[in-house]
Amino acid sequence: MNAFDQFEVWFVTGAQLLYGGDAVIAVDAHSNAMVKGLNESGKLPVKVVYKGTVNSSKEVTAAFKAANNDEKCIGVITWMHTFSPAKMWIHGLQELKKPLLHFHTQFNKEIPWDTMDMDFMNLNQSAHGDREFGHIVTRMRKNRKVVVGHWQEAKAQEQIAEWMRVAAAWADAQDMLIIRFGDQMNNVAVTDGDKVSAEQVLGYHVDYYPINDVMKYYDEVTDEETRALVAEYFKLYDHAPELEDGRTEAYTKVWNSAKAEIALRRVLKDTGAKGFTTNFNDLGKFDQIPGLASQRLMAEGYGFGAEGDWKTAALYRTTWFMSQGMPKGCSFLEDYTLNFDGDRSAILQAHMLEVCPLISEEKPKLEVHRLSIGIDSETARLVFTSKQGEGVAATVVDLGNRFRLIINKVECIKSKPLPKLPVASALWIPMPNLEIGAAAWILAGGTHHTSFSYDLTVDYWLDFAEMAGIEAVVIDENTTINDFKKELHLNEVYYLLNKALC
Ligand code: MN
């Protein structure tokens, strides 16, 4: 089953009645053919549903209200076949709450030079109809994505496909509960923020969940289900043979990790939460940080943020949701240690334990080692190094008056073994290089925690920021500190004035 089967994107064609009944029939036929072609392209993760041609303000408003009220509908694609005078879109656009993609395309690919007459011209008016529509959307300050290209071409279809994945994740975020086991790590600024604003702007709800209640679940996990999960670990992950010796402390730690995983998953299921945070100072009766559980729950798609970092937990859930079915994986990560090496200067990405095995290059290794933070104890974990290649790290920070999404292209390079630091890790060079990349990130106020993906490009995150209506800044191969600082300064003014002007 396709991960996005439960969703639809609606296709609404703009026209008007000026050109008579035959024109209306032709517009409808062309729209049907286009939607069929898009669905049959094999490029789109979400089904497109043609919702008819709108010829008046009433019809536009009815179509958009229906889109708002339909749970399956995660976004609307509009296209103007004929000239569609844009005042008729005002009331509908005032209503529309779903993400909007304006597809500037045309039924015919090329101009039929030899046969084109005035009837053809009157019917096929996307070139100026789409500009008229675009004008009113801009005047109304409505966020949207504009895709330009012929509907049969892969490049245009791929842009629509990206936007669809983002729209699906946006719909997911509007029904997202993140639960926090424990509070933020004391005194930490960047992982904290305004949870009320987050719900208003980004859609997700953040709750506290008492660790004592987790302990009730922990106590109720049976030996039988624990044994089954431990057996699954031994089957899935490389491990030393002596780890299977039930008389050892290491085995007990694996056993208790499995119990913790079962308990946490059950709490998440029972609350309907899509993500969670932990705090190493608030672990109830756990005998170790539930790092292995966090690693595995992340791979299942649960959002995770360490030390109470609910913003990153939510962003990771969004990252995972958007990239379902894509090949290379995603993870919560933390900037751990710098490696200065000229042009190859890099940052080791890791955490105490909680790195998602989806990014692993090799089969993860199940190991038990001492961890002195939180509970000083032997602690189970999956150890691996990440794949190589380009990826994107993203974070959301709360600047007090708004959220800022910071997006950094990075290159994951071959890491070296860490015999004395048995944790999962990645090693990356932030683009354009460590000096500029890290300086820009710091100037933008970015976290030490990120949500990382190999599969999602910068464009996905820009679409996400557009849907959320939040600021986005990109750090990539073209970034210079001088221009980046100017962008931050201009954005400061823009976002202060934006509310006043709209
Ligand atoms: Mn951390």
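For ligands, and for the atoms within them, numbers begin at 1 and follow the listed sequence. Counting begins at 1 with the first residue of the sequence.
No salt bridge links R266 with E220; every basic N to acidic carboxylate O contact stays at or beyond 4.0 Å. Salt bridge status for E261 with R296: present, with a side-chain N to carboxylate O gap under 4.0 Å. Ion pairing of E378 with R370 is absent here, as no side-chain N (NZ or NE/NH1/NH2) approaches a carboxylate O to less than 4.0 Å.
Around the Mn ion (ligand 1), the protein N, O or S atoms found under 2.8 Å comprise E307 OE1, E334 OE1, H351 NE2, H449 NE2.
The only member of K414, K387, K328 that meets salt bridge (charged side-chain N to carboxylate O under 4.0 Å, His left out) when paired with E361 is K414.
Using modelled atom types and a 3.5 Å distance limit, the side chains of Y217 and D270 yield a donor-acceptor pair.
Using a 4.5 Å heavy-atom cutoff, the side chains of M467 and R144 are not in contact.
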